[in-house]
2 protein chains.
Amino acid sequence: MAALDLLGRRGALRIVWELREGRVLTFRALLAAAELPPGTLNTRLAELRAADVVAADGGYRLTARGAELIVALWPLMAWSEAWAASLRT
Amino acid sequence: MAALDLLGRRGALRIVWELREGRVLTFRALLAAAELPPGTLNTRLAELRAADVVAADGGYRLTARGAELIVALWPLMAWSEAWAASLRT
DNA sequence: AGAGGTGCTTCAATTTTTGTAGCAACATCA
DNA sequence: TGATGTTGCTACAAAAATTGAAGCACCTCT
């Protein structure tokens, strides 16, 4: 499961998530949104671009494949919120 | 998104995945299945148990919450396979 | 007693991540 | 023209995480 290896790296899922719904973010905006240091962000972006999940054309955005990933991520995010909510109780 | 932080650690998604469909694995079986060194596996298991995703009662298995996570993970796995398949072409 | 399985723990070496700083290129405004 | 802001990074040393191999203590079965 190579995709799990890619997405299981620190910040990878988070970066994809921050680019949901067609958002286009600059490197610095992603820096703030994903709460990562620049070195890590740059490493992740390189990996995600090599995997054809993220593209850079004047700001970072998801590729078509990345957009499919977001759809696949939706249930996970819903679980995350339920999980976080149950922790608060 | 705290769940992304938890699941974004090395091996976390993989461990959950290996325990899919009600599988009960011993520590050593998980070691081999998830391809992790024992120290890392132990750390992850502690985190996943603290998050009430994995339980240990004579072998490791998913909790009810972990089972819900697996359901939420299914689309992601389908995406992974499609992604891996397209890499092979 | 011996052989096998269990869940770990330990350790040093390597890899990864972090946080801060700063650079070079470009646009904007004066 | 120069000053200012923004861009995408890179550099560096320190801290944290991961690795891989070894081994320990405990249990069970023969």
Side-chain angles (χ1 to χ4, degrees), chain A residues 1-63 65-67 69 73 76 80 83, chain B residues 1-63 65-67 69 73 80:
Chain A
M1 203 97 322
L4 283 195
D5 186 49
L6 173 70
L7 299 174
R9 294 197 164 101
R10 192 150 257 138
L13 276 177
R14 179 70 179 269
I15 290 170
V16 172
W17 181 242
E18 297 299 342
L19 294 176
R20 68 192 178 279
E21 293 166 7
R23 287 172 200 189
V24 181
L25 298 186
T26 64
F27 188 91
R28 284 171 190 260
L30 258 180
L31 224 41
E35 298 173 298
L36 292 172
T40 304
L41 176 59
N42 199 33
T43 302
R44 282 308 156 268
L45 283 175
E47 293 163 353
L48 290 171
R49 290 168 70 179
D52 188 30
V53 169
V54 164
D57 60 328
Y60 290 96
R61 73 185 72 223
L62 294 181
T63 61
R65 175 166 293 157
L69 174 53
L73 238 33
L76 179 59
S80 289
W83 177 83
Chain B
M1 203 97 319
L4 283 195
D5 187 48
L6 173 69
L7 299 174
R9 294 196 163 102
R10 191 149 262 138
L13 276 177
R14 179 70 179 268
I15 290 170
V16 172
W17 181 242
E18 298 299 343
L19 294 176
R20 67 191 178 279
E21 294 166 7
R23 288 174 199 188
V24 181
L25 298 187
T26 64
F27 188 91
R28 283 169 191 261
L30 258 181
L31 225 42
E35 297 174 297
L36 293 173
T40 304
L41 176 58
N42 200 32
T43 302
R44 280 309 154 270
L45 283 175
E47 293 164 353
L48 290 171
R49 290 169 69 179
D52 188 31
V53 168
V54 164
D57 60 328
Y60 291 97
R61 74 185 70 223
L62 294 182
T63 61
R65 176 166 292 156
L69 174 53
L73 239 32
S80 288

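The structure displayed is predicted, hence computed values, not measured ones. By convention in this document, chain letters (A, B, ...) are assigned in the order of the sequence lines, proteins followed by strands, and residues within each chain are numbered from 1. Values below: every heavy atom of this structure, side chains too, minus hydrogens, waters and symmetry copies.
- Rounded to a whole Å, the CZ atom of A:Arg49 is 11 Å from the P atom of D:dG8.
- OP1 or OP2 of C:dT17 lies within a sub-4.0 Å distance of a side-chain N or O belonging to A:Arg44.
- Across the protein-nucleic acid pair, A:Asp5 atom CG and D:dT18 atom C1' stand 13 Å apart, rounded to whole Å.
- Taking only side-chain nitrogens and oxygens, A:Thr40 comes nearer than 4.0 Å to OP1 or OP2 of C:dT18.
- Both cation-pi conditions hold for A:Arg20 and A:Trp17: the charged atom is under 6.0 angstrom from the six-membered ring centre and inside a 45 degree cone around its axis.
- Minimum atom distance to the side chain of A:Arg28 is reached by C:dG22, of the listed C:dT6, D:dA21, C:dG22.
- Residue A:Arg10 has no polar side-chain atom (N or O) positioned under 4.0 Å from OP1 or OP2 of D:dA16.
- Following rounding to the nearest Å, A:Leu25 (CG) and D:dT7 (P) show an atom-to-atom distance of 11 Å.
- We find that CZ of B:Arg9 is positioned 13 Å from C1' of D:dT18, with the value rounded to whole Å.
- B:Thr63 places no side-chain N or O within 3.5 Å of a backbone atom of B:Ala55 that could act as its donor or acceptor partner.
- Remark: the backbone N or O of A:Arg10 is paired with a side-chain donor or acceptor of A:Arg44 at under 3.5 angstrom.
- In this structure, B:Glu35 atom CD and D:dT18 atom P are separated by 16 Å, rounded to whole Å.
- Side chain of A:Ser80 to backbone of A:Leu76: a donor-acceptor contact under 3.5 angstrom is found.
- Rounded to whole Å, the distance from CZ on B:Phe27 to P on D:dA25 is 18 Å.
- Residue B:Tyr60 has a polar side-chain atom (N or O) positioned under 4.0 Å from OP1 or OP2 of C:dC8.
- A sub-4.0 Å separation between OP1 or OP2 of D:dT10 and a side-chain N or O of A:Asn42 is present.
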